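Predicted model only: the values in this text are computed from it and were never measured. Every chain is numbered from 1 and lettered A, B, ... according to where its sequence line falls, protein lines coming before strand lines.
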There are 2 protein chains.
Amino acid sequence: MLETRELRYFVAVAEELHFSRAAERLGIAQPPLSRAIQQLERRLDVALLERNRRGVTLTGAGQVLLDEARAILDATAAAARRTRRAAAGTNRLTLATKAGANHKLLRKLLDTHAAEPDAAEIEVLLCGMGEQARMLRDGRADVALMQRPFDALAGFDTEELLTEQQVAILPAGHPLAARTSLTMADISNVPDLPVARWPRQDGSYEPGPGPEIHDQSQLAQLIALGRTMAVLCASSRSWLWNAHAAAPLTDAPHVTTVLAWPPHSRSRAVAALVRTATQLQQEPTKTRNAQP
Amino acid sequence: MLETRELRYFVAVAEELHFSRAAERLGIAQPPLSRAIQQLERRLDVALLERNRRGVTLTGAGQVLLDEARAILDATAAAARRTRRAAAGTNRLTLATKAGANHKLLRKLLDTHAAEPDAAEIEVLLCGMGEQARMLRDGRADVALMQRPFDALAGFDTEELLTEQQVAILPAGHPLAARTSLTMADISNVPDLPVARWPRQDGSYEPGPGPEIHDQSQLAQLIALGRTMAVLCASSRSWLWNAHAAAPLTDAPHVTTVLAWPPHSRSRAVAALVRTATQLQQEPTKTRNAQP
DNA sequence: CGCTGTCATACCCGGCCGGTATCACCGCGG
DNA sequence: CCGCGGTGATACCGGCCGGGTATGACAGCG
């Protein structure tokens with residue numbers, strides 16, 4: 001059976017592609033690390049690394065193990081955290097959500113849930129773009145609000161909460177802001193107003209003229225200054241400034257906000273919250289496409 | 001960081017609720033096991049087990065860790081198996097499917113995939129009821145055909161392939177077999193023909209008059225003998241005997257056959273098969289609700 | 001009040017994990 | 001051609017820890 005320590009060592013080497021640096025990162029000396037990796041390869045009877053002159057490369061099998069090991073190490077950290085939190089307060093939940101998104105929906109979910117008998121106390125954890133997945137995976141959160149198709153939902157159970165149109169957020173003074181509706185064609189390649197660029201899953205940005213966005217307050221500022229525009233779900237209207245204008249995008253894909261949680265979670269508290277959310281979803285008229 | 005060994009030990013104790021039996025199962029003596037669990041509890045600073053007079057019970061935190069640990073151990077076994085298989089043949093896939101279901105769909109999927117350039121060689125692994133999930137989780141399979149809502153799809157990525165009606169499979173001579181369509185009400189509580197009972201996720205059976213079914217051949221035999229009937233998806237017609245009859249159930253929920261795979265799988269071969277499956281799904285006229 | 005069955009404690013031993021020192025090898029530059 | 005720096009592998013050693021045996025503490029029970 002693979003030991004956690006071996007996986008940790010292997011991930012370090014596979015990421016650094018350098019034994020000495022990996023050893024330093026792990027806080028051990030290089031020879032024991034070499035030996036540990038050799039033992040791992042012997043026990044699996046698989047070549048994981050190609051030792052060339054000048055450096056190390058991953059074999060195909062090594063790449064597979066790297067993916068698997070990362071997931072296992074995340075799950076292990078998650079197990080420890082969840083166990084500790086279960087011991088601390090049995091009726092507490094941590095909900096991760098994008099900072100600044102879905103004010104109303106979140107408010108409604110929390111209010112409705114709090115009204116239930118024996119409702120778990122819910123701690124809200126605000127995190128940056130797409131960080132919710134990591135929070136769920138490593139056990140810092142029990143449940144998260146995420147958005148399809150933006151967030152990576154692979155590996156989680158989900159409950160759909162709200163589907164809404166996307167809108168373009170523009171500087172109030174811009175000519176396009178006068179329009180009552182827009183299309184993707186209208187907003188692409190506007191010379192003086194490039195579309196803002198969000199980070200991808202890995203944190204990198206695709207090339208383009210627009211500014212690189214890290215969080216919502218920065219985006220709001222840049223739009224207000226007339227430097228960029230952004231495409232967001234309709235409920236983002238709730239945090240608009242006076243200097244902002246919003247126009248629906250008729251042909252942009254709809255965005256679905258979902259409640260997500262780790263699939264093997266059998267927690268009573270998560271189940272209760274999901275049940276609450278399901279009921280919310282069945283009477284969506286009050287929140288769907290709500291206008292400010 | 002939690003070690004695999006500790007998790008293995010804890011799972012054994014949590015399942016047996018008995019140190020000596022758990023130690024025997026693990027192939028070690030009882031005292032080291034006691035010590036290991038104590039160390040685990042000390043390092044987590046959490047009480048996992050309640051040692052009463054006469055036996056052991058799990059605390060809430062212990063229950064949480066049990067769930068997490070089982071998932072981690074499965075993932076660890078999966079990692080080893082997948083790594084070994086990646087090393088053995090880089091362009092091979094194992095597909096798990098229910099024995100006897102979806103002949104045509106599977107055949108079409110395999111044929112279409114084999115026609116692709118650089119197609120991975122696909123090994124088909126037939127397994128019993130709901131075993132596919134375990135096969136995927138512990139790395140014996142890379143991809144599986146499963147059915148919603150019967151199979152537990154939590155934690156997997158899926159691609160829908162085929163949605164079909166359910167049909168009642170009856171002994172050919174039975175009066176109900178003459179009907180061209182049936183409802184759930186028609187077949188529930190038929191005195192001389194109780195509905196067969198399938199195992200649940202945990203392998204147990206819910207109580208009822210019908211026989212307990214383990215596999216499809218046994219079911220076929222029992223139906224042919226006039227001892228039971230069963231409700232299955234329409235494509236099951238393809239394996240019917242002369243002694244069988246099938247009638248569509250107008251009000252039974254539809255069954256969707258999906259291709260499922262572990263969410264973090266970044267394998268080229270899985271991606272290619274999924275792409276093939278997506279294309280199948282886009283031209284569904286030939287297979288959807290296919291009648292024999 | 002022993003007897004039984006439970007888990008915990010005490011103690012010992014061997015293996016392995018990690019450290020230091022060193023080697024083998026390669027590329028490179030004088 | 002020959003050191004030199006830098007790579008990972010090897011050799012060896014010491015301490016810790018995981019595992020074993022023997023035994024204890026304690027509760028239930030006849």
Side-chain angles (χ1 to χ4, degrees), chain A residues 1-59 61-63 65-66 69 72-73 76 80 87, chain B residues 1-59 61-63 65-66 69 72-73 76 80 87:
Chain A
M1 178 72 59
L2 298 176
E3 286 298 323
T4 315
R5 186 181 55 88
E6 300 177 298
L7 296 178
R8 223 173 52 238
Y9 287 7
F10 174 71
V11 168
V13 175
E15 286 181 352
E16 300 284 347
L17 292 177
H18 194 288
F19 277 78
S20 303
R21 277 199 303 272
E24 190 182 2
R25 183 173 125 187
L26 292 166
I28 65 172
Q30 168 261 319
L33 179 57
S34 283
R35 203 179 45 187
I37 301 293
Q38 284 174 45
Q39 276 181 13
L40 179 60
E41 288 182 301
R42 273 215 330 270
R43 285 178 43 205
L44 284 172
D45 196 26
V46 164
L48 301 170
L49 298 167
E50 201 89 43
R51 282 88 156 167
N52 309 336
R53 50 182 163 278
R54 228 69 183 176
V56 177
T57 57
L58 277 175
T59 65
Q63 183 61 53
L65 184 59
L66 176 57
I72 291 172
L73 294 178
T76 305
Chain B
M1 178 73 57
L2 298 176
E3 285 300 321
T4 314
R5 185 182 55 87
E6 300 176 297
L7 296 177
R8 221 172 54 236
Y9 287 7
F10 174 70
V11 168
V13 175
E15 286 180 353
E16 300 284 346
L17 291 177
H18 194 289
F19 278 78
S20 304
R21 278 199 302 271
E24 190 182 2
R25 181 173 125 187
L26 291 166
I28 65 172
Q30 169 260 320
L33 178 58
S34 284
R35 204 178 46 186
I37 301 293
Q38 285 175 45
Q39 276 181 15
L40 179 60
E41 288 182 301
R42 273 214 332 271
R43 285 178 43 203
L44 284 172
D45 195 25
V46 164
L48 301 169
L49 299 168
E50 201 91 41
R51 281 88 156 168
N52 309 336
R53 44 183 169 281
R54 228 70 185 177
V56 178
T57 57
L58 277 176
T59 64
Q63 182 61 55
L65 184 60
L66 177 57
I72 291 172
L73 293 178
T76 306

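- Checking side-chain atoms of A/Q39 against main-chain N and O of A/E6 turns up no donor-acceptor pair under 3.5 Å.
- Toward the 5' end of DNA chain C, the nearer of the two residues A/Y9 and A/P31, judged by each one's closest nucleotide, is A/Y9.
- Using a 4.0 Å heavy-atom cutoff across all strands shown, B/Q39 reaches sugar-phosphate atoms only and no base atom.
- A/R25 places no side-chain N or O within donor-acceptor distance of the main-chain N or O of A/V13, the cut-off being under 3.5 Å.
- In this structure, A/R5 reaches the C/dC17 phosphate: one of its side-chain N or O atoms is under 4.0 Å from OP1 or OP2.
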side-chain contact (heavy atoms from CB on, under 4.5 Å) evaluation trace for A/L58 with A/L48: CA-CA 6 Å; A/L58 277 175; A/L48 301 170; 5.7 Å; no
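- Taking atom CG of residue A/L33 and atom C1' of nucleotide C/dC17, one finds them 12 Å apart after rounding to whole Å.
- Straight-line distance from the CD atom of A/Q38 to the P atom of D/dA11: 10 Å, rounded to whole Å.
- Base engagement by A/Q30 is indicated by at least one non-hydrogen atom pair under 4.0 Å involving a base atom.
- The nearest whole Å value for the distance from the CZ atom in B/R8 to the C1' atom in D/dG18 is 12 Å.
- Counting to the nearest Å, the P atom of C/dC7 and the CD atom of B/E41 are 13 Å from each other.
- The stretch residues 16-24 of chain A touches DNA chain D through A/H18, A/F19, A/S20, each having a heavy atom under 4.0 angstrom from the strand.
- Proximity of a side-chain donor or acceptor of B/E50 to a complementary backbone N or O of B/T57 within less than 3.5 Å is not detected.
- A donor-acceptor contact under 3.5 angstrom links the side-chain atoms of B/R35 to the base of D/dG19.
- Atom CG in A/L48 sits roughly 16 Å away from atom P in D/dG8 (whole-Å rounding).
- Relative to the side chain of B/S34, the nucleotides D/dG8, C/dG18, C/dC7 differ in distance, and C/dC7 lies closest.
- In this structure, CZ in A/F19 is found 5.5 Å from CG in A/L49, a value given to the nearest 0.5 Å.
- Side-chain contact between A/T4 and B/L2 is absent, with no heavy-atom pair separated by less than 4.5 Å.
- The distance between atom CD of B/E3 and atom C1' of C/dC17, rounded to the nearest whole Å, is 12 Å.
- Atoms CG (A/L26) and P (C/dG19) sit 10 Å apart, rounded to a whole Å.
- When the C1' atom of C/dC16 is taken as reference, atom CZ of A/R43 falls 12 Å away, rounded to whole Å.
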side-chain contact (heavy atoms from CB on, under 4.5 Å) between B/L40 and B/L65, worked out: CA-CA 11 Å; B/L40 179 60; B/L65 184 60; 4.3 Å; yes
